[in-house]
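One structure is given here, and the rest of the page talks about it.
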Amino acid sequence: MIIKYFKDTDTLLLIFSHKEIKETKDVDENTLLELDEKGNLVSMTIEHAKTRININELTFEQIPAENVQ
């Protein structure tokens, strides 16, 4: 996963894979989902990011799978 923030346009880009984008869907006027040919999420674009989300804080947690027997 790659996270890019473009300060000049206040745009946040989240890249989940490097597959070719075949379709873009508008969630709202400032949020776009880019999908591959199978409808899987490739990336997400958020315009006006500072006013919509807290871009000053990033936390990543990997939760281990529980041992199920």
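In this chain, residues are counted from 1 in sequence order. Values below: every heavy atom of this structure, side chains too, minus hydrogens, waters and symmetry copies.
Partners of Lys22 according to the salt bridge (Lys or Arg N to Asp or Glu O under 4.0 Å) rule, which considers only residues two or more places apart in sequence or in another chain, are Glu20. Under the side-chain hydrogen bond (donor to acceptor under 3.5 Å, both in side chains) criterion, Glu37 pairs with no residue, sequence neighbours left out. For Thr31, the side-chain hydrogen bond (donor to acceptor under 3.5 Å, both in side chains) partners are Asp28, Arg52, not counting sequence neighbours. Evaluation of the side-chain contact (heavy atoms from CB on, under 4.5 Å) rule for Glu61 yields Thr59, Ile63 as partners, not counting sequence neighbours. Considering only residues two or more places apart in sequence or on other chains, Asp8 meets the side-chain contact (heavy atoms from CB on, under 4.5 Å) condition with Phe6. A search for salt bridge (Lys or Arg N to Asp or Glu O under 4.0 Å) contacts involving Lys19 returns Asp36, not counting sequence neighbours. By the side-chain contact (heavy atoms from CB on, under 4.5 Å) test, Thr51 is found to be paired with His48, residues two or more places apart in sequence or in another chain being considered. Scored by the side-chain hydrogen bond (donor to acceptor under 3.5 Å, both in side chains) test, Thr24 finds no partners at all (sequence neighbours excluded). For the salt bridge (Lys or Arg N to Asp or Glu O under 4.0 Å) test, no residue two or more places apart in sequence or in another chain qualifies with Asp26.
Here the straight-line distance linking atom CG of Leu32 with atom OG1 of Thr45 works out to 5.5 Å at 0.5 Å rounding. For the atom pair CD (Glu47) and CD (Glu29), the distance works out to 10.5 Å, reported to the nearest 0.5 Å.
Clustering of Ile, Leu, Val, Met, Phe, Trp and Tyr side chains at separations under 4.5 Å places Leu41 together with Met1, Ile3, Tyr5, Leu12, Leu14, Phe16, Val27, Leu33, Leu35, Met44, Ile46, Ile53, Ile55, Leu58. Within the hydrophobic cluster formed by Ile, Leu, Val, Met, Phe, Trp and Tyr side chains joined at under 4.5 Å, directly or through other members, Val42 is accompanied by Ile21.
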### Query
Can you check side chain to side chain contact (heavy atoms under 4.5 Å, CB included) on Ser43 and Leu13, steps first, answer last?
CA-CA 7 Å; Ser43 58; Leu13 174 61; 4.1 Å; yes
